[in-house]
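Below, each value reflects all heavy atoms present in this structure, side chains not excepted, and no hydrogens, waters or symmetry copies. Order of the sequence lines sets the chain letters (A, B, ...), proteins ahead of strands, with each chain counted from 1.
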Number of protein chains: 2
Amino acid sequence: MGPKEWFPELHPEPDGEPGRHRYDWAVTEPRSLADEPIHRDVALRLARNEQRYTRQRRTMVEALASIGRPATIGELIEAVGELPISTAYRNLAVLGDAGVVRRVNGTDEFARFELAEEVSGHHHHHAVCSSCGLVIDATSSARLEMALAETARAIAAENGFDVADHRLELVGRCLSCARTAT
Amino acid sequence: MGPKEWFPELHPEPDGEPGRHRYDWAVTEPRSLADEPIHRDVALRLARNEQRYTRQRRTMVEALASIGRPATIGELIEAVGELPISTAYRNLAVLGDAGVVRRVNGTDEFARFELAEEVSGHHHHHAVCSSCGLVIDATSSARLEMALAETARAIAAENGFDVADHRLELVGRCLSCARTAT
DNA sequence: GGCTAGTTTGAGAATCATTCTCATGTCAAA
DNA sequence: TTTGACATGAGAATGATTCTCAAACTAGCC
Ligand SMILES: [Zn+2]
Ligand SMILES: [Zn+2]
Ligand SMILES: [Zn+2]
Ligand SMILES: [Zn+2]
């Protein structure tokens, strides 16, 4: 079956929402794309994987950057506004393969996503609330990083484990949950 | 309907498998239960939650102890031998509520389970293989623990986060995966 | 301008680890 | 033995995540 019309009406604009009838992920944003260094970096990483930095993907990156902590799919969709779940997951996978986004595990059943450290620019760890699942970023001291590197070396020596990275989660209760009852 | 016979045959033993017709999770193991200190501890913790330390649960605890690293459901079932999935998950939840078992997140989609540190007796961290998902235990140095405590204090001061515990994962490649191709 | 090839999108279906249901088996105490 | 409470397990249900595929879009060529 061919449900596609040969001559689709040019500008249907249903429901009086101008511009909503066409995909809004045009790649050719004339010049503003290269302005922000983060976007330039993301575009480069996507290009390495032969992927386009579409408007929707840029919106997702901006939402992740503005949220400032690992966001669930729900939080991301809410921040972006209009964003189908299937597209959200697929683009997160694309951005993940490109090294732009990384997945963060908390204590609840929801996956969270944040900009990769190579993109956001600062190495950090996480504090996760065992009560509500909130995850916030936690900066790391030089002393801690040295001790971590030392531990990584020991593990490599003892178990032949080639340690390339580390993830630290401080588990406790967030300010909001601490105020509420047990 | 009452499918139960008033006078069930005493020892049906179907299919010639002696003893398989009755549940083999009798709680009243005359005396051997209190022998091992670990089992005594587990029994106590379960009793606090008004749960019984059945034979099957003991088998699961022994399997987790013998595996010596966070085990997936599949690994646990294989180690126990006969163990329905629903029972495995339910008992892991019961043991988790009792503080006997804790859930460990790796890099793959499978949850892993190990004896809680209060039961196994030693605080430790994990090294996870980003290629195959294997998780092994990693001992921690006093220096690292001090740096971790320091970080926890800083996070509490900065964000009002009440840090109660920490989890460290060293991510890399296990010996087996390092031998194989990229 | 239009035409073609390749990519992105999104609604819905499918996947699958995990959880739930409930009939039945078992224990403990009266 | 009876009663009440708990444990088991086969199968159904759940739900976050992934997959499918037709339609919408862009880029490059004519
Ligand atoms: Zn909280
Ligand atoms: Zn973070
Ligand atoms: Zn491996
Ligand atoms: Zn462990």
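The separation between Leu95(A) atom CG and dT8(C) atom P is 11 Å, rounded to whole Å. Rounded to whole angstrom, the span from the CD atom of Gln56(B) across to the P atom of dT26(C) amounts to 12 Å. Taking atom CD on Glu50(A) and atom C1' on dA27(D), their separation rounds to 15 Å, with Å as the unit. Put simply, CD1 on Ile77(B) is 11 Å from P on dA10(D), counting in whole angstrom units. To the nearest angstrom, C1' of dT7(C) lies 15 Å from CG of Asn49(A). Taking atom CZ of residue Arg58(A) and atom P of nucleotide dT8(C), one finds them 16 Å apart after rounding to whole Å. If you take CG of Asp108(B) and P of dC16(C), they are 15 Å apart, rounded to a whole angstrom. Atom-to-atom, CG of Leu92(B) to P of dA17(C) comes out at 15 Å; the value is rounded to the nearest Å.
Surrounding CD1 of Ile85(B) are at most 12 heavy atoms belonging to other residues, nucleotides or ligands under 6.0 Å away.
Using a distance-only test at 3.5 Å, with no hydrogens or angles considered, no donor-acceptor pair links the side chain of Thr72(B) to the main chain of Arg112(B). Of the possible polar contacts, one joining the Thr107(A) side chain to the Cys129(A) backbone as a donor-acceptor pair under 3.5 Å is found.
Using a 4.5 Å cut-off between side-chain heavy atoms of Ile, Leu, Val, Met, Phe, Trp and Tyr, with links allowed through other members, Phe113(A) and Val128(A) fall into different hydrophobic clusters.
Taking 4.0 angstrom as the limit, Arg55(B) places none of its side-chain polar atoms (N or O) nearer than this to OP1 or OP2 of dA7(D). One finds no side-chain N or O of Asn91(B) lying less than 4.0 angstrom from the OP1 or OP2 phosphate oxygen of dA7(D). Of the side-chain N and O atoms in Arg52(A), none sit less than 4.0 angstrom from OP1 or OP2 of dG6(C). Checking the phosphate oxygens (OP1, OP2) of dA7(D), no side-chain nitrogen or oxygen of Thr54(B) falls inside 4.0 Å.
Applying the side chain to side chain donor-acceptor pair (under 3.5 Å) test to residues at least two apart or on different chains, the pairs with a partner in residues 60-69 of chain B are His39(B)-Glu62(B), Arg69(B)-Glu75(B).
Atoms NE2 and CD, from His126(A) and Glu114(A) in turn, are 3.5 Å apart once rounded to the nearest 0.5 Å.
Within the 4.0 angstrom heavy-atom criterion, only backbone atoms of the sugar-phosphate kind lie near Gln51(A); the bases stay farther away.
Side-chain contact between Leu168(A) and Arg167(B): absent, with no pair of heavy atoms (C-beta onward) separated by less than 4.5 Å.
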Checklist entry - For every nucleotide of nucleotides 13-20 of chain D, 5' to 3': is a protein heavy atom under 4.0 Å from its base (B), only from its sugar-phosphate (S), or from neither (-)? => result ---SBBB-

